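What follows is a short report on a single structure.
Quantities reported herein were computed from a predicted structural model and do not represent experimental measurements.
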Amino acid sequence: MVFKESFTGPIPALREVVSTSLAPRVPVREGAPPALGPPAEQPPNRARSTSSVRRGIRIRPALALDLVVLTASTLTALLVSALIRTALFADAELYTPVILVVLPLWVTMIALVGGYRSTQLTTEAAEYRSVLEGSLLTAGVLGVSAYLLEYPMSRTFFVNVFLIGIPAALLGHIIRRRVVKLARTQGKYRSRILVAGDREHIEELVTVLERERWLGYDPVGLLTEDIDSCQESLTVPVVGTPDHVVDAVRRTHVDSVIFAEGAFPRGRDFNVVARQLEHERTRLIVVPAVNDVAAARLNVRPVAGIPLVHIEKPRAAKAGCIPKRVIDVVGSLLLILATAPILAAAALAIKIEDRGPVIFRQRRVGFNGEVFECLKLRSMVTDAEKIRARTLTEQNESDGLLFKMKRDPRITRVGRFIRRFSIDELPQFINVLKGEMSLVGPRPALEAEVAQYTPQVLRRLDVRPGLTGLWQVSGRSDLSWEDTVRLDLYYVDNWSMFQDATILARTAKAVVGSDGAY
């Protein structure tokens, strides 16, 4: 290369419009699914539908965002390089063709690795990975091209454009996803869906979609053979059996159809339906018969026309790897230094309020069942444990092993403030530094709680407990015991460095928002 020396759930709101979105129905006997009537006469290649317009909404902003961010990054890199090497101003004409080439090349590379496919935009890891891979490919193509063409491009500019552009592009996509999630929870950019399957699997899927509103799916109809039971247990109407899927799609104009277990008696039946829906602008989604398995552990390999899903073993053992421990040590040291003034101010306030001890030490169960002293700033009165055992046991608002009270009388005035913003947990950085805890992991449990664990729940002890974790950033004390266990076990089985980084990033938002903290 010739160089110069210079050089990124949901259902209730739409139930009211279900009756208008479904075709007029012929009266049927009680308990039977609505008659769909004859299929609507529609040509295979009809005009662009509302469904495709919604899908376009997901794709175009990502491309437009990249064009804006990468243009700004490229110009910023040029300015920074010019300030470093004033000779760049004299060679400004050399950079006009570079700027005109790098922007379309960059977005083209991201597109080639699937960065703007709607399927990629549905998962965070896939979207961010596409941006990173496309950016690295752009750097490679640009560098090789400059070398082969002997183009005198500044090394300073080459480094700066990607040093600035890649983080900016990733940040832009992170912000875009946050905005889209917020909009979906407010009823915008949502997808109307049909759900097919048996009652148990439909009920489980609809429950998840109602809870996770940010996913943006609105079930407007069910396709099942278990008509009576579904009509009794769910408020989403049954519009037919899975055999009616083609007619239902044409009449409801849904964006997607989700097929759960029990939708078809044989695997080959799905492809028959897929052929019938080939010309419909509706996505087909299949829910595999496994839950709580991260996409990174799944690998689909077709064998003789049968898609076999290979699943990696759980990753609990990998959560004790050296890189994670290095991050814990370095991170806890930096955070101890950064939060020292806050810790000192909180300690002083606690001491002034009641003259009691500042640090509260509590025995907790950690990695492999080892007991350690978990450190916290005292947020309750000094005899809190005795008061709980004597008068508050029956007032527990938790549905599981944890003790929760939204208006716990034992909490002091200072304690209420420091608990709201999790300041009381700052001393646990010392536990992390000592190796008793990790920055990210399941909640450290009390000995009395562990004594009541089932064998399945004991799986939480296969990794170090964390100062923050998946359940903390998903609702904290507002979560049920069942959801808390499910999230902790998901973390243990599907551990990854990327997941840890995501949880740490979400922790700041959860703490500042004080959601579920009491």
**Request:** Starting from the C-alpha separation in whole Å, work towards a yes-or-no answer on salt bridge (Lys or Arg N to Asp or Glu O under 4.0 Å) for Glu127 and Arg176.
**Result:** CA-CA 11 Å; Glu127 181 175 349; Arg176 187 196 70 83; 3.1 Å; yes

**Prompt:** Could you go step by step and tell me if Arg297 and Asn494 meet the side-chain hydrogen bond (donor to acceptor under 3.5 Å, both in side chains) rule?
**Reply:** CA-CA 8 Å; Arg297 290 174 56 202; Asn494 301 285; 2.9 Å; yes

**Item:** More than 12 heavy atoms of other groups within 6.0 Å of Leu308 CG
**Value:** yes

**Message:** How long is the straight-line distance from CD1 of Ile322 back to CD1 of Ile327, given to the nearest 0.5 Å?
**Reply:** 12.5 Å

**Asked** Is Arg325 atom CZ crowded by more than 12 heavy atoms from other residues, nucleotides or ligands, each under 6.0 Å away?
**Response** yes

**Request:** Drop me the distance from Ile418's CD1 to Arg413's CZ, to the nearest 0.5 angstrom.
**Result:** 13.5 Å

**Prompt:** So among Arg443, Arg459, Arg460, which one has a salt bridge (charged side-chain N to carboxylate O under 4.0 Å, His left out) with Asp488?
**Reply:** Arg460

**Item:** Minimum heavy-atom distance between Pro442 and Val492, given as atom pair plus value
**Value:** CG-CG2, 4.0 Å

**Item:** Considering all heavy atoms, the nearest Phe367-Asp462 contact
**Value:** CE1-O, 3.0 Å

**Message:** Using side-chain hydrogen bond (donor to acceptor under 3.5 Å, both in side chains), reason through Tyr116 and Asp66 one step at a time and then give a plain yes or no.
**Reply:** CA-CA 10 Å; Tyr116 303 125; Asp66 280 346; 2.5 Å; yes

**Message:** Could you measure the distance from the CD1 atom of Ile350 to the CE atom of Met380? Nearest 0.5 Å is fine.
**Reply:** 12.5 Å

**Request:** Tell me, please, whether Trp214 has Lys181 positioned over its six-membered ring: NZ or CZ under 6.0 Å from the ring centre and within 45 degrees of its axis?
**Result:** yes

**Message:** side-chain contact (heavy atoms from CB on, under 4.5 Å), that's the test. Do Tyr217 and Ile285 meet it? Break it down for me.
**Reply:** CA-CA 12 Å; Tyr217 290 117; Ile285 304 171; 4.2 Å; yes

**Prompt:** Tell me, do Asn299 and Arg301 make a side-chain contact under 4.5 Å, heavy atoms counted?
**Reply:** yes

**Request:** Given side-chain contact (heavy atoms from CB on, under 4.5 Å), test Tyr491 with Ser496 step by step and report yes or no.
**Result:** CA-CA 9 Å; Tyr491 173 84; Ser496 69; over 6 Å; no

**Prompt:** How many angstroms lie between atom CD of Glu425 and atom CG of Asn431, to the nearest 0.5 angstrom?
**Reply:** 11.0 Å

**From Ser130 atom OG to Leu112 atom CG, the distance as rounded to the nearest 0.5 Å** = 11.0 Å

**Message:** I'd like to check Val287 versus Phe259 (side-chain heavy atoms, cut-off strictly below 4.5 Å). Are they in contact?
**Reply:** no

**Prompt:** Who pairs with Glu200 by side chain to side chain donor-acceptor pair (under 3.5 Å), at least two apart in sequence or on another chain?
**Reply:** none

**Request:** Grab the two heavy atoms, one from Ser438 and one from Asp328, that are nearest each other, plus how far apart they are.
**Result:** OG-OD2, 2.8 Å

**Asked** Taking the side chain from Lys351 and the backbone from Gly356, do they hold a donor-acceptor pair closer than 3.5 Å?
**Response** yes

**Request:** Kindly give the heavy-atom pair with the smallest separation between Ile503 and Leu470, and that separation in Å.
**Result:** CD1-N, 3.9 Å

**Message:** Please find the pair of heavy atoms, one from Val113 and one from Ile110, that lie closest to each other, and give the distance.
**Reply:** CG2-O, 3.1 Å

**Asked** What are the two closest heavy atoms between Arg364 and Pro444, and how far apart are they?
**Response** NH1-O, 2.6 Å

**Item:** Under 3.5 Å side-chain donor-acceptor pair for Ser379 and Arg419
**Value:** yes

**Request:** Test Arg213 against Glu210 for salt bridge (Lys or Arg N to Asp or Glu O under 4.0 Å), laying out the working first.
**Result:** CA-CA 6 Å; Arg213 288 184 53 83; Glu210 286 181 333; over 6 Å; no

**Item:** salt_bridge(Lys324, Asp500) N-O dist < 4.0 Å
**Value:** yes

**Prompt:** Any salt bridge between Asp493 and Lys313, counting N to O under 4.0 Å?
**Reply:** no

**Asked** Should Trp495 and Cys321 count as side-chain neighbours, where that means a heavy-atom distance under 4.5 Å?
**Response** yes

**Message:** Quick check on the 6.0 Å ring-centre criterion: do Trp106 and Phe162 meet it?
**Reply:** yes

**Request:** Test Ile202 against Val236 for side-chain contact (heavy atoms from CB on, under 4.5 Å), laying out the working first.
**Result:** CA-CA 10 Å; Ile202 286 178; Val236 182; over 6 Å; no

**Fill in**
The reported gap from CD in Glu261 to CG in Asp198 (rounded to nearest 0.5 angstrom) is 7.5 Å

**Prompt:** When you look at OH of Tyr490, are more than 12 heavy atoms from neighbouring residues, nucleotides or ligands closer to it than 6.0 Å?
**Reply:** yes

